[in-house]
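Residue numbering restarts at 1 for every chain, and letters A, B, ... go by the order of the sequence lines. The model shown is predicted, which means the values in this text are computed figures rather than measured ones.
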There are 2 protein chains.
Amino acid sequence: MLFSVQVEVSLRDGVADPQGATIERSLPHLGFDGVRGVRVGKSIRFDLESADEAAARAEVEDLCSRFLTNPVIETAEISLTAVDAAGSAS
Amino acid sequence: MLFSVQVEVSLRDGVADPQGATIERSLPHLGFDGVRGVRVGKSIRFDLESADEAAARAEVEDLCSRFLTNPVIETAEISLTAVDAAGSAS
């Protein structure tokens, strides 16, 4: 089965996010008020061929903890969607 | 009203993604087969104070097209959730 996978990698609460802080500090000067708590993370999307959803999820979790994230400072949120042979979401 | 906003910034189809290509090329050597079409984007989360959902969405769309993305090569997908005063999603 083919799965469409999205992994959102974000910094853990309490870990400094200089990129987010820079965006937040700049926005009022650019005319956007009322924006608070900006946090910037990564969004990784890919297709995965796997036997079933449980196997796919286990493989993605392993992939995340070993390569896509630094588990000391980052967390990953995984979304899996089964895709049928024609390529549309089922 | 306070809104919790997530913006996913991804490269448009057809735009080269060297970071995604590097991940895809490396994974088979690291023991992960069956991963295809890796694309790496950004995920930006923040809280926004706005009068109502329509105003919040308009402000976020403006913010995305002017500062958070390069519209020539990137697209943004916006998710808005209203948050009540106690801080939980409503």
Original post:
Hey, which residues of residues 17-27 of chain B are touching chain A, say heavy atoms under 4.5 Å apart?
Top reply: B:Gln19, B:Ile23, B:Leu27
Original post:
Under a 4.5 Å side-chain heavy-atom rule over Ile, Leu, Val, Met, Phe, Trp and Tyr, are B:Ile73 and B:Val7 clustered together?
Top reply: no
Original post:
If two hydrophobic side chains count as joined below 4.5 Å and joins carry through other members, does B:Leu80 share a cluster with B:Val83?
Top reply: no
**OP:** Heavy atoms only, distances under 4.5 angstrom: which of B:Asp33, B:Leu63, B:Val5 has the most pairs with chain A? Name it, please.
**Re:** B:Leu63
Subject >> Contact residues of residues 40-52 of chain A (partner chain B; heavy-atom separation under 4.5 angstrom) >> reply: A:Val40, A:Gly41, A:Lys42, A:Ser43, A:Ile44, A:Arg45, A:Phe46, A:Asp47, A:Leu48, A:Glu49
Subject >> Neighbours of chain A found in residues 8-15 of chain B - heavy atoms under 4.5 Å >> reply: B:Glu8
Original post:
Can you name the residues that form a salt bridge (charged side-chain N to carboxylate O under 4.0 Å, His left out) with B:Arg66, not counting sequence neighbours?
Top reply: B:Asp62
Subject >> Side chain / backbone / both / neither for B:Phe3 at chain A, heavy atoms under 4.5 Å >> reply: neither
Subject >> Structural part of A:Leu2 lying under 4.5 Å from a heavy atom of chain B >> reply: side chain
